[in-house]
2 protein chains.
Amino acid sequence: MHDFTMKINEYLPLREVVFHTLRDAILRGELEPGEHLMEVQLANKLGVSRTPIREAIRQLQTEGLVIMTPRKGAVVAEITREDLTDVLEVRITLEKMAVALACENINQEEIARLKKCQQELENMLGNEKLTEIANKDEEFHDIIYEASGNKRLIQILNNLREQLYRYRIEYIKDEQKWVILVEEHNALIVAIENKDVDEAKKVIRKHIDNQRQTILENLKIN
Amino acid sequence: MHDFTMKINEYLPLREVVFHTLRDAILRGELEPGEHLMEVQLANKLGVSRTPIREAIRQLQTEGLVIMTPRKGAVVAEITREDLTDVLEVRITLEKMAVALACENINQEEIARLKKCQQELENMLGNEKLTEIANKDEEFHDIIYEASGNKRLIQILNNLREQLYRYRIEYIKDEQKWVILVEEHNALIVAIENKDVDEAKKVIRKHIDNQRQTILENLKIN
DNA sequence: CTAAATATATATGTATACAAAATACAAAAT
DNA sequence: ATTTTGTATTTTGTATACATATATATTTAG
């Protein structure tokens, strides 16, 4: 029998399409920090009306990617060193919370997924494009988020990651750091499997700290 | 000479006005969880067009107060016991982070504000309306947030508080708990002034835990 | 030549119109 | 009686028009 549920829900509101288009453009740097987002111009460029553009821009605002001023419009958010430090500081705190909860709540199926993901990540190093590796690394952390069981925590962590999206490649670029990354992930798996909360927190703190250092080093902003 | 800067920036976009109106209506319970928000109906009721209504509803969505489904519309979010537990859990983590940072970064002026605020709070107990007391209590915590110096942390904590707004009166109602509240606040001031991070974390955890217990007790939801 | 003033253009804010999908409901079929 | 199907109505999605504020260019006063 055929699967009729397959093509269901293929619909995406234009505002969503526009949102993702603009978001990607910002993260790729095609729309530069400080650049003015003009509704009519974008509408013409994307072949839609102003309405979905406006709604997409508002969504971008809540993600922190653009700054809106009433009657002046929206500009691509400048990310300052201070902003990034703040975000990363909060992220460390919440990642520690996530692994602590994961130690308590993770099940066998999730542990298996974690190991499988880690194995795939190791196999990709040197063979795949950096973005693919970065995606796999994010997947690894996603599994831990999910295992925490706290939906609000997951939501906030996903949003924080969004802010760092522009820099996620940077810390994968350096091949010398791959071995450290792999080691830290493995240490994390062991700690979580043993329900060793303190160890897990220690490892994740180190892990994110490394990323922080790399991101801040590669930052060409004030 | 007259103050011409006074009436400057009096302008609020309609979407902001509508947003606050709808938000209050939800928090007051006039718009009940599960209730469908219909654009034309709200537009007629508030005497504006659909455009600002739509934009306000989207803002409410990002605050977690409504749930939107494409082509179906928006409903007031049901707050489940699980949601609340999740929010409060995250809040404890972030409040601990806030007091820890406050211990490091707070200055004399802020400590003075904290003490003044606490004094005002004590004077209000029994004399003022509960909402006024709740406001003053929020002000107390706001000073600590600010003293942390982490803007992202402040933003997230403010957003989490938003979610709990409906219940903030509950834990002020019980007069027997006032003495505990005052004690905890004072203990917090001492700990922060002494830069005693561990003690401050301990106190704030207890403080929020008490609120959590009261909120969950008073909860009439699943 | 500079700076204030004014006119012009451009952008956002808001309202409205039209299209398409979802829902409600009644009639028909089983 | 229950399900199905067709139709009317409601509702959201998107486009567009108009009003008003802001930015830009131009003119004019000093």
Side-chain angles (χ1 to χ4, degrees), chain A residues 4-23 25-26 31-78, chain B residues 4-23 25-26 31-78:
Chain A
F4 291 110
T5 65
M6 206 172 54
K7 294 213 169 190
I8 219 164
N9 263 350
E10 244 185 22
Y11 168 80
L12 259 189
L14 269 186
R15 59 170 179 270
E16 295 285 325
V17 179
V18 174
F19 168 71
H20 284 110
T21 306
L22 294 181
R23 177 175 160 279
I26 292 173
L31 291 171
E32 290 178 14
E35 194 169 341
H36 210 110
L37 296 182
M38 277 166 304
E39 295 172 359
V40 275
Q41 175 200 315
L42 292 171
N44 291 335
K45 198 164 190 167
L46 302 182
V48 299
S49 80
R50 278 176 60 206
T51 310
I53 301 279
R54 284 175 69 84
E55 303 189 335
I57 288 178
R58 267 160 190 67
Q59 207 171 335
L60 289 168
Q61 180 194 29
T62 73
E63 302 255 320
L65 292 176
V66 312
I67 306 289
M68 293 192 56
T69 320
R71 281 178 165 154
K72 296 236 180 135
V75 297
V76 179
E78 314 260 5
Chain B
F4 290 110
T5 64
M6 205 171 54
K7 295 213 170 190
I8 218 162
N9 264 349
E10 239 185 26
Y11 168 80
L12 259 189
L14 269 186
R15 58 169 180 271
E16 293 285 326
V17 179
V18 173
F19 168 72
H20 283 109
T21 306
L22 294 181
R23 179 176 157 279
I26 292 173
L31 290 170
E32 291 176 14
E35 194 169 340
H36 210 108
L37 296 183
M38 278 166 303
E39 296 172 0
V40 275
Q41 176 199 315
L42 292 171
N44 292 334
K45 199 163 189 169
L46 302 182
V48 300
S49 80
R50 277 178 60 208
T51 309
I53 300 280
R54 284 175 69 85
E55 302 189 336
I57 287 178
R58 267 157 189 69
Q59 206 171 335
L60 288 168
Q61 181 194 28
T62 72
E63 301 257 318
L65 292 176
V66 312
I67 307 288
M68 293 192 57
T69 321
R71 282 179 164 154
K72 297 232 180 138
V75 296
V76 178
E78 314 260 4

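Just so it is clear, the structure is predicted and the values come from calculations on it, not from any experiment. So you know, we letter chains A, B, ... as the sequences are listed, proteins then strands, and number each from 1.
Residue Ser49(A) places its side chain closer to dA15(D) than to any other of dA15(D), dG13(D), dT12(C). Out of dT12(D), dT14(C), dA11(C), the shortest distance to the side chain of Arg50(B) is found at dT12(D).
Among the heavy atoms of the strands lying under 4.0 Å from Leu37(A) are primed sugar atoms or P, OP1, OP2 only; no base atom is included.
Look at CZ on Arg54(B): it is 13 Å from C1' on dA15(C), rounded to the nearest Å. Put simply, CD on Glu55(A) is 15 Å from P on dT12(C), counting in whole angstrom units. Look at CD on Gln41(A): it is 16 Å from C1' on dA9(C), rounded to the nearest Å. Nucleotide dG13(C) holds its P atom 10 Å from the CD atom of Glu16(B), rounded to whole Å. If you measure from atom CG of Leu12(A) to atom C1' of dT14(D), you get 15 Å, rounded to the nearest angstrom. Rounded to whole angstrom, the span from the CG atom of Asn44(A) across to the C1' atom of dA11(C) amounts to 13 Å. For the pair Glu39(B) CD and dT14(C) C1', the computed distance is 14 Å after rounding to whole Å.
Pairs of residues two or more places apart, or lying in two chains, never qualify as salt bridge (charged side-chain N to carboxylate O under 4.0 Å, His left out) while including a residue from residues 61-77 of chain B.
With hydrogens and angles ignored, the 3.5 Å screen pairs no side-chain donor or acceptor of Gln59(B) with any backbone N or O of Ala56(B).
For dT22(D), the OP1/OP2 oxygens have no side-chain nitrogen or oxygen of Tyr11(B) closer than 4.0 Å.
Pairing for dA1(D) goes to dT30(C), judged as Watson-Crick or G-U wobble with the two contacts each under 3.5 Å.
Listed by residue number, Pro70(A), Arg71(A), Lys72(A), Gly73(A) are the residues of residues 65-75 of chain A with a heavy-atom contact under 4.0 Å to DNA chain C.
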